[in-house]
Amino acid sequence: MVIFFNKATRSPWEGKASIYAYIRDQGEHVGDSLPDDEEYWSDSPIRWVAGGMDGALGHHAGSSDVPNEAHELANLLAKHSRKPNNSTRKELYARVVTAQVGGMMDAILDEVRKHPGIQAGVVFDEARWFVEHAAHRNVVKFGIALLGLFQNEQVKELLLTLGRHEEFTLYSAVAIQNGMEDSNEVLFELAQHVHGWGKINLVERLEPNTTEIKDWLLRHGCQNSIMNEYLACICARNGDLREALVPDQVDRELFEGASTIIEALLYGGPAEDIDDYEHAPQVLSDYVRLSGEMCSTTKHLSVMLNIRDFLDQDEEKWEGRMSAGWTAQARGDIHDACQFIIGDSKWSSLIMDAVSSNDSQNRYYGVACAEKLGMDIWETLYSQLAVNPLQDAHYLQLMKSNDPARIQKLVHFATEHLPLPQIATGPGDEMGFGKEYEAHRSLDTILQSLDSFEGMGKELILTGLKSPVIRNRNMAIMALEGWNVASWGDQLIKAVIHLSGIEPDDSVKERLQQLRTEKEV
């Protein structure tokens with residue numbers, strides 16, 4: 001007799017890889033992927049970078065009001081802790097898998113702390129089991145957070161291992177802070193193994209209580225794979241950048257770190273910037289002084305140019321700065337020193353070498369410097385497209401030209417080398433993220449500037465209208481909005497009429513209707 005077991009009775013983790021074991025087995029070089037990726041992201045149009053969803057919630061969203069769900073999870077945990085068995089574990093596990101734990105973890109922990117039925121010893125053991133054996137990231141996060149309710153030195157290596165994956169760094173950091181006496185040293189150890197949202201969350205929590213930590217903050221703390229701007233002001237303050245730049249000479253590593261911090265402070269963005277940094281006048285003065293001898297790369301030159309642009313901002317902005325520590329003398333002296341460095345004749349050849357470089361970062365700074373100094377690098381960048389036609393950053397830069405002949409040349413190249421039939425698969429609701437949409441992004445950077453070049457790139461616009469990527473269609477419509485309808489041609493007119501009848505996105509459909517009304521199509 002053959003017995004068929006009901007799959008509904010199986011445990012949710014059964015037959016699936018343990019996330020902890022998956023990360024542990026990668027050693028020191030932990031990637032971004034997780035075993036539950038396909039299941040976790042199956043209903044999402046985009047995939048966040050590891051730690052991105054929790055990082056964005058923490059930096060750009062208010063706290064979630066989820067008392068009922070948090071209370072329910074605490075009740076299930078209490079139930080399991082009073083009489084632990086596989087049935088109650090499965091019930092709790094399954095509920096956590098589908099919960100939005102990132103937005104309500106604080107509420108969950110508050111409910112657990114005050115719940116009268118919680119059996120603490122069982123909860124610690126269950127949390128450890130979740131962390132070691134769970135096959136779903138939400139359950140691992142839940143387990144890590146619960147470990148933070150206890151003294152947890154005994155699971156230090158467990159928390160450090162999981163914390164090396166950016167998806168869990170924030171949870172490990174909080175658990176370490178709450179549960180270890182030497183938490184700051186442990187956080188510092190972990191901070192040196194992560195590079196994205198995990199690093200941001202750790203540096204924000206790191207106390208600069210040793211010279212070693214301060215030195216690391218200035219030299220390596222700011223650079224991250226998300227946005228250096230998140231950490232620039234924190235590293236400048238906590239690493240004491242003002243004091244570090246006072247000597248007549250500094251080591252090369254410190255100068256590089258200071259360049260990264262100052263560059264990010266000048267860019268501004270989602271965190272505190274140069275106008276929030278109380279020591280900006282002194283730091284910029286000392287950095288420019290040191291740059292007289294140490295400014296040797298296009299990245300350094302780019303920082304010099306950014307400092308000059310900052311100093312050249314309109315007087316309305318400078319009125320406020322003058323009451324916050326700046327003086328006209330300091331502003332003028334720093335500006336003159338910048339101009340002297342920028343005027344060095346060595347930069348032209350260094351910039352062209354950087355623009356021609358195979359290193360993307362070096363090329364980025366070369367292009368940035370060339371643009372600010374008015375150097376013509378169009379033909380150099382154009383020739384690089386022959387090696388790889390799917391370089392959206394190159395198209396973006398090349399489309400800045402005001403020369404119609406150059407734009408026509410680039411449009412012809414794109415028409416010949418982009419896989420237009422593979423792009424024009426029909427309208428959809430795709431966001432266009434990921435490597436599989438490289439060609440769509442390259443098309444996008446051309447389309448967004450074609451409104452200024454009437455009659456050029458009709459085939460590219462036609463492809464954009466048929467693209468599954470929403471932004472492609474929007475950029476194609478924007479190009480047509482800038483043209484006289486007489487320049488469209490029959491194919492584009494028919495494509496607009498056809499698309500307005502089948503367009504799946506409401507906002508694009510509305511824009512199409514407005515276009516047809518305005519152009520009388």
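Because only heavy atoms are used, hydrogens play no part in the values below, and waters and symmetry mates are left out as well, while side chains stay in.
Taking the six-membered ring where tryptophan is involved, the planes of F124 and F150 are perpendicular, since the angle between them exceeds 60° and thus also 30°. By the 30° and 60° cut-offs, the orientation of the rings of H440 relative to Y437 is perpendicular.
In this structure, Q100 places its CD atom where only 12 or fewer heavy-atom neighbours from other residues, nucleotides or ligands lie under 6.0 Å away. Environment of CG in N209: crowded, with over 12 heavy atoms of neighbouring residues, nucleotides or ligands closer than 6.0 Å. Atom CG of N86 has more than 12 neighbouring heavy atoms from other residues, nucleotides or ligands inside a 6.0 Å radius. Heavy atoms of other residues, nucleotides or ligands lying less than 6.0 angstrom from CD of Q249 number 12 at most. Counting non-hydrogen atoms of other residues, nucleotides and ligands closer than 6.0 Å to CD of E14 gives a total above 12.
Using a 4.5 Å heavy-atom threshold, the side chains of N138 and V97 count as separate. Side-chain atoms of N201 and T169, non-hydrogen and from C-beta on, never get closer than 4.5 Å to each other. Here the side chains of C233 and L265 are in contact, with some heavy-atom distance below 4.5 Å. Residues H279 and R237 have side chains not in contact (no heavy-atom distance under 4.5 Å, counting atoms from C-beta outward). Contact annotation: the side chain of Y20 approaches that of L158 to within less than 4.5 Å [non-hydrogen atoms, C-beta and beyond]. Annotation: side chain of H195 is not in contact with side chain of N224 (no heavy-atom distance under 4.5 Å). N238 is not listed as a side-chain neighbour of V203, based on a closest heavy-atom distance of 4.5 Å or more. Between F130 and L92, some side-chain heavy-atom pair lies under the 4.5 Å cut-off.
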Taking distance alone, no hydrogens or angles, what donor-acceptor pairs closer than 3.5 Å link side-chain atoms of residues 255-263 to residues at least two apart or in another chain?
from	atom 1	to	atom 2	distance (Å)
E256	OE1	H300	NE2	3.4
E256	OE2	H300	NE2	2.9
S259	OG	F255	O	2.8
S259	OG	Y287	OH	2.7
T260	OG1	E256	O	3.3
T260	OG1	K299	NZ	2.6
E263	OE1	Y365	OH	3.1
E263	OE2	Y365	OH	2.9

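A donor-acceptor distance shorter than 3.5 angstrom exists from the side chain of N152 to the backbone of L147, with no hydrogens or angles considered. Using a distance-only test at 3.5 Å, with no hydrogens or angles considered, no donor-acceptor pair links the side chain of T88 to the main chain of P84. With hydrogens and angles disregarded, a donor-acceptor distance shorter than 3.5 Å links the side chain of N85 to the backbone of K83. Under a 3.5 Å cut-off, the side chain of Q391 and the backbone N or O of N388 do form a donor-acceptor pair. For D251 (side chain) and L254 (main-chain N/O), a donor-acceptor pair under 3.5 Å exists by modelled atom type. At least one donor-acceptor pair under 3.5 Å links the side chain of S18 to the backbone N or O of A21. Side-chain N or O atoms of H71 include none that pairs as donor or acceptor with a backbone N or O of E111 at under 3.5 Å. Between the side chain of R363 and the backbone N or O of S357, at least one donor-acceptor pair lies under 3.5 Å. A donor-acceptor pair under 3.5 Å is absent between the side-chain atoms of D54 and the main chain of G51, judged by distance alone. In this structure, the side chain of S81 engages the main chain of Q119 through a donor-acceptor pair within 3.5 Å.
Salt bridge annotation for D506-K509: absent, with no cationic side-chain nitrogen under 4.0 angstrom from a carboxylate oxygen. Ion pairing of E503 with R473 is present here, as a side-chain N (NZ or NE/NH1/NH2) and a carboxylate O approach within less than 4.0 Å. E167 and K141 are joined by a salt bridge, as a carboxylate oxygen and a charged side-chain nitrogen come within less than 4.0 angstrom of each other.
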Verdict with reasoning, R164 to E189, per salt bridge (Lys or Arg N to Asp or Glu O under 4.0 Å): CA-CA 10 Å; R164 286 201 295 271; E189 178 183 348; over 6 Å; no
Salt bridge (Lys or Arg N to Asp or Glu O under 4.0 Å) between R219 and D215, worked out: CA-CA 6 Å; R219 290 164 173 79; D215 288 347; 3.6 Å; yes
Derivation of the side chain to side chain contact (heavy atoms under 4.5 Å, CB included) call for N474 and I470: CA-CA 6 Å; N474 269 319; I470 293 173; 3.7 Å; yes
From CA spacing to verdict: salt bridge (Lys or Arg N to Asp or Glu O under 4.0 Å), D444, R441: CA-CA 5 Å; D444 206 65; R441 290 193 293 274; over 6 Å; no
Side chain to side chain contact (heavy atoms under 4.5 Å, CB included) assessment of F188 paired with E212: CA-CA 10 Å; F188 180 48; E212 182 184 12; 3.6 Å; yes
Stepwise salt bridge (Lys or Arg N to Asp or Glu O under 4.0 Å) test for E438 and K435: CA-CA 5 Å; E438 280 184 324; K435 188 173 179 62; 3.5 Å; yes
Side chain to side chain contact (heavy atoms under 4.5 Å, CB included) between R128 and V131, worked out: CA-CA 5 Å; R128 183 169 185 168; V131 167; 5.7 Å; no
V123 vs H80, side chain to side chain contact (heavy atoms under 4.5 Å, CB included): CA-CA, chis, key distance, verdict: CA-CA 9 Å; V123 169; H80 179 59; over 6 Å; no
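In plain terms, the two heavy atoms of L217 and G239 that are nearest each other are CD1-N, 4.0 Å. Contact record, A78 with H115: CB-CE1, 3.4 Å, taken as the closest heavy-atom pair. The two residues A127 and G143 make their nearest non-hydrogen contact at CB-O, 3.5 Å. Minimum heavy-atom separation, M105 to Y171: CE-CE2, 3.9 Å. Between M227 and P270, the shortest heavy-atom distance links the atoms CE-CD, 3.6 Å. Taking both residues in full, the closest heavy atoms of E166 and G196 are given as OE2-N, 2.9 Å, listed atom of the first, atom of the second, then distance.
Taking the six-membered ring for Trp and the full ring otherwise, the centers of W48 and Y40 sit at least 6.0 Å from each other. Checked against the 6.0 Å centroid threshold, W129 and W13 count as a close aromatic pair.
Using modelled atom types and a 3.5 Å distance limit, the side chains of E39 and H136 yield a donor-acceptor pair. H220 and E253 share a side-chain donor-acceptor pair at under 3.5 Å. Defined by atom type and a distance below 3.5 Å, a donor-acceptor pair is present between the side-chain atoms of R321 and Q313. A side-chain donor-acceptor contact under 3.5 Å links Q282 and D286. Side-chain contact, Y267 with N228: no donor N or O sits under 3.5 Å from an acceptor N or O. Checking S33 against Y22 by side-chain atom types alone, a donor-acceptor pair falls below 3.5 Å. D505 and S507 are linked by a side-chain donor-acceptor pair at a separation below 3.5 angstrom, with hydrogens and angles left out of the test.
One finds the CD1 atom of I226 at 5.5 Å from the CD1 atom of I200 (value rounded to the nearest 0.5 Å).
For the salt bridge (Lys or Arg N to Asp or Glu O under 4.0 Å) condition, no pair includes a residue of residues 387-396, sequence neighbours left out.
Cation-pi contact between R137 and F168: absent, since separation from the ring centre below 6.0 Å together with deviation from the ring axis within 45° is not met.
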